Amino acid sequence: MKQWNTTLCDLSPAVKQALEGMDCKVPFTLRRGFARGSFSAPLVLWREWSNVSTDCPVVDAVTFEVTVLAPDMDQLSALAQGVNQALIGLGLRRRYAAPDKFDGQNYQKTFRFGRAIDKRMMRFVDE
């Protein structure tokens, strides 16, 4: 019978730290989860999108979703660039970028970043 590595990869602290320290001239609020209730943009929302086992028992695949909300396109662009640089700098790969949206008040851009992780060494590996 195979022995499965039961370690859960938790990159949340590293993702939060990378987003808090991102290089961006636009002041923003960072929040984990969803924009519930009242909020004011610019806002960067982040959450773990998935954390799943792979066919290899020592490798998990993690994905984080980051949504940027801003009152104008210039701020949206600056924040999106900051998010991209921060999470790619962490070693994640951009897996998805949604088209820009406008909800009547704010412009919005959503990204997903992810990577496979070898749980024995807690290092990124190519999928």
Side-chain angles (χ1 to χ4, degrees):
M1 183 180 242
K2 279 187 179 179
Q3 288 288 335
W4 291 92
N5 186 326
T6 59
T7 302
L8 178 65
C9 298
D10 184 10
L11 291 182
S12 295
V15 168
K16 180 182 180 194
Q17 184 177 16
L19 292 172
E20 286 174 336
M22 73 182 189
D23 185 23
C24 184
K25 304 250 186 272
V26 177
F28 65 94
T29 301
L30 180 64
R31 188 185 295 180
R32 185 171 184 171
F34 301 94
R36 289 182 227 120
S38 64
F39 66 90
S40 60
L43 177 67
V44 175
L45 299 163
W46 69 280
R47 65 186 177 121
E48 186 178 71
W49 175 257
S50 69
N51 189 334
V52 297
S53 299
T54 65
D55 292 335
C56 180
V58 297
V59 176
D60 279 355
V62 297
T63 302
F64 287 86
E65 183 175 79
V66 181
T67 299
V68 178
L69 299 162
D72 64 61
M73 282 302 291
D74 290 339
Q75 289 182 1
L76 182 75
S77 180
L79 286 165
Q81 184 65 26
V83 165
N84 190 60
Q85 288 176 347
L87 295 187
I88 287 176
L90 187 61
L92 297 173
R93 293 187 176 151
R94 189 178 60 251
R95 306 265 188 212
Y96 171 78
D100 298 340
K101 293 193 311 189
F102 182 69
D103 67 7
Q105 283 187 313
N106 292 299
Y107 292 90
Q108 177 179 326
K109 182 81 168 176
T110 299
F111 296 100
R112 290 194 192 117
F113 295 87
R115 195 86 188 263
I117 299 174
D118 184 324
K119 298 186 287 185
R120 296 168 297 187
M121 300 172 286
M122 296 306 278
R123 292 191 180 189
F124 295 124
V125 294
D126 292 322
E127 295 179 291

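Remember, predicted model here, so these are calculated numbers, not experimental data. Counting begins at 1 with the first residue of the sequence.
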Distance check, rounded to the nearest 0.5 Å: [X] atom [atom1] versus [Y] atom [atom2]?
| X | Y | atom1 | atom2 | result |
| --- | --- | --- | --- | --- |
| Ser40 | Gln105 | OG | CD | 11.0 Å |
| Gln75 | Asn106 | CD | CG | 9.5 Å |
| Leu90 | Gln17 | CG | CD | 9.0 Å |
| Lys101 | Leu76 | NZ | CG | 12.0 Å |

Quiz prompt | Crowding at CD, Glu20 (>12 non-hydrogen neighbours, <6.0 Å) | solution =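 Yes, because the 6.0 Å sphere around CD of Glu20 holds more than 12 heavy atoms from other groups.
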
Quiz item: Is the CG atom of Asp23 crowded by more than 12 outside heavy atoms at less than 6.0 Å?
Solution: no

Quiz item: Salt bridge or not for Lys109 and Asp100, using N-O below 4.0 Å?
Solution: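 Salt bridge: yes.
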
Exercise. Report yes or no: do Arg32 and Ser12 form a side-chain donor-acceptor pair below 3.5 Å?
Key: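 Side-chain D/A pair, Arg32 to Ser12: present.
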
Quiz item: Has the side chain of Thr54 got a donor or acceptor atom that lies under 3.5 Å from a matching backbone atom of Val59?
Solution: yes

Is there a side-chain contact between [X] and [Y] in this structure, where contact means two heavy atoms from C-beta onward sitting under 4.5 Å apart?
| X | Y | result |
| --- | --- | --- |
| Phe28 | Leu69 | no |
| Val62 | Asp10 | no |
| Pro42 | Pro27 | no |
| Ile117 | Arg123 | no |

Exercise. Kindly state each residue pair satisfying side chain to side chain donor-acceptor pair (under 3.5 Å) with at least one member in residues 78-89, sequence neighbours excluded.
Key: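 Qualifying pairs, neighbours excluded: Asn84-Arg94.
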
Quiz item: If every non-hydrogen atom of Ala41 is compared with every non-hydrogen atom of Ala70, which pair is closest and at what distance?
Solution: CB-CA, 3.9 Å

Practice problem: Might you point out which heavy atoms bring Arg115 and Arg95 nearest each other, and give the distance in Å? | Solution: CA-NH2, 3.5 Å

Self-check item: Ring-ring centroid check Phe113 Phe64, cutoff 6.0 Å
Solution: no

Quiz prompt | Single hit among Val66, Val83, Val68 for side-chain contact (heavy atoms from CB on, under 4.5 Å) with Trp46 | solution = Val66

[X] with [Y], same ILVMFWY side-chain cluster at under 4.5 Å:
| X | Y | answer |
| --- | --- | --- |
| Val26 | Leu30 | yes |
| Val44 | Met73 | yes |
| Leu79 | Phe102 | yes |
| Trp49 | Leu87 | no |
| Ile88 | Leu92 | yes |

Quiz item: side chain to side chain donor-acceptor pair (under 3.5 Å) with Asn51: which residues, sequence neighbours excluded?
Solution: Glu48

Practice problem: List in chain and number order the residues that pass side chain to side chain donor-acceptor pair (under 3.5 Å) with Ser77, two or more places apart in sequence or in another chain; answer none if no residue qualifies. | Solution: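 Ser77 satisfies side chain to side chain donor-acceptor pair (under 3.5 Å) with no other residue.
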
